[in-house]
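Written below as structure tokens is the structure these notes are about.
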Amino acid sequence: MKALLDLIVGDAQADRAVPPNGMTARLTVFVAAVMAFLAVIALSVSFTTTRLADTWAQDLAQSATLRLPADPVQADALLLSALDVLETTPGVSRVRALSTSEQQALLEPWFGPDLPLEDLPVPQLIEIVADGDGYDADGLRARLTAQVPGAVLDDHTAWREPLLDAAGRLRMIGAFVLILIAATVGAMITLAAQASLAANVQVIRVLRLVGATDLYIARAFVRRYTLRAGLGALVGTIIGVVVLQLMPNTDTVGSLLMNVGVEGTEWLWVILLPLLTAIVAFFATRAAALRRLKEQT
């Protein structure tokens, strides 16, 4: 607690070694604000796309499609046999044969709205919804092979696995972007602190003459640049949150791509951004100040 209080209050004599304003001060605040703003946007995009991929993967895991042979003569018999098999399969909670209009809507993007399904041998599709425990896909395929020859069960594995992989990669990309942002903030703070130390060599010499240690002098630089970076990150985070609140959502435009935002516990990362930025600035400034002061000895 005392160390935190010293960091906030500081020491008036030691603070004289650090310019209260100027280019380095404005640059520190500006860069920290920009980096925090970019971090908010990067986090929101990463969270949104990951949620979307996870939701789609979960929906696909609970659903499947059964495709019956396109045989107009045996269509009704095949449909009845398939429904009988599905309705007696443990783990299947609901089955529904798609209507002609629903199948036409599925084919419309490829063949246009005027596709005459009644004149074409289009396979009958059956929607399958599993319960929480799911069903034995291999066992169901075996029963279908015996009772409904030619039926094809698609449990959406080919679609689900790429979505899960995409969600994992998006999380990795988001983490990598945050690491780059933290590295940028650390590098900027280091350069600003070194420039400030170089510009105040005479003041530092006087402080040393009156008995000030390097750690005492470095503490002033650490305090000033940590607070500047934290303030800038706070401003950037607030601006980023405001921008997110102004983004349209699916209720207004009907597009999943527009539903970018932060939900639930994800807000914790956004709230902690100024603190994390200040921590990066603290260690970067401390290392830079002590190294520079050692060189000036």
Side-chain angles (χ1 to χ4, degrees), residues 3-4 7-8 10 17-19 21-51 165-200 214-215 217-244 260-262 265-296:
L4 179 60
L7 179 64
I8 297 175
V18 188
N21 49 40
M23 181 60 69
T24 57
R26 292 191 292 270
L27 180 63
T28 302
V29 175
F30 174 75
V31 173
V34 171
M35 292 296 104
F37 173 79
L38 294 178
V40 171
I41 301 302
L43 281 172
S44 62
V45 172
S46 177
F47 287 148
T48 301
T49 51
T50 301
R51 284 198 311 269
D165 291 340
R169 294 192 181 191
L170 285 171
R171 283 189 284 266
M172 291 179 59
I173 292 174
F176 181 68
V177 169
L178 290 179
I179 292 174
L180 287 180
I181 291 175
T184 301
V185 172
M188 181 276 302
I189 294 292
T190 298
L191 293 175
Q194 289 181 342
S196 182
L197 284 161
N200 290 271
D214 286 354
L215 187 60
I217 299 171
R219 189 180 297 122
F221 285 89
V222 170
R223 172 182 175 273
R224 187 65 60 86
Y225 281 97
T226 298
L227 294 180
R228 288 172 180 173
L231 176 62
L234 178 62
V235 173
T237 300
I238 293 174
I239 295 174
V241 171
V242 171
V243 170
L244 291 180
V260 178
V262 183
T265 57
E266 297 168 354
W267 280 105
L268 182 62
W269 288 96
V270 176
I271 295 173
L272 289 178
L273 275 177
L275 177 61
L276 295 176
T277 303
I279 291 174
V280 171
F282 174 86
F283 287 104
T285 306
R286 190 174 188 277
L290 292 176
R291 183 171 61 251
R292 188 71 178 184
L293 289 170
K294 185 176 181 181
E295 293 174 355
Q296 292 178 357

- Task: Using the salt bridge (charged side-chain N to carboxylate O under 4.0 Å, His left out) rule, collect all pairs that involve residues 189-199, keeping only residues at least two apart or in two chains.
- Result: none
- Write out all pairs satisfying salt bridge (charged side-chain N to carboxylate O under 4.0 Å, His left out) with one or both partners inside residues 265-274, taking only residues at least two apart or from two chains. Arg51-Glu266
Using atom types as modelled, flag every donor-acceptor pair under 3.5 Å from a side chain in residues 275-285 to any protein atom, sequence neighbours excluded.
| unit_1 | atom_1 | unit_2 | atom_2 | d |
| --- | --- | --- | --- | --- |
| Thr277 | OG1 | Leu273 | O | 2.8 |
| Thr285 | OG1 | Ala281 | O | 2.7 |

For residues 231-244, run the donor-acceptor check on the side chains, cut-off 3.5 Å, and write out each pair with its distance to 0.1 Å, sequence neighbours left out.
| unit_1 | atom_1 | unit_2 | atom_2 | d |
| --- | --- | --- | --- | --- |
| Thr237 | OG1 | Ala233 | O | 2.7 |

Solution key, residues 27-39 side-chain donor-acceptor pairs under 3.5 Å, sequence neighbours excluded:
| unit_1 | atom_1 | unit_2 | atom_2 | d |
| --- | --- | --- | --- | --- |
| Thr28 | OG1 | Thr24 | O | 2.7 |

- Task: Work out which heavy atom in Val45 is nearest to a heavy atom in Thr49; give both atom names and the distance.
- Result: O-OG1, 2.8 Å
- Roughly how far apart are Arg224 CZ and Arg219 CZ, rounded to 0.5 Å? 14.5 Å
- Query: Looking at residues at least two apart in the chain, or sitting in another chain, which of them share a salt bridge (charged side-chain N to carboxylate O under 4.0 Å, His left out) with Arg169?
  - Reply: none
- Item | Closest contact, heavy atoms only, Ile271 versus Pro274 | O-CD, 3.3 Å
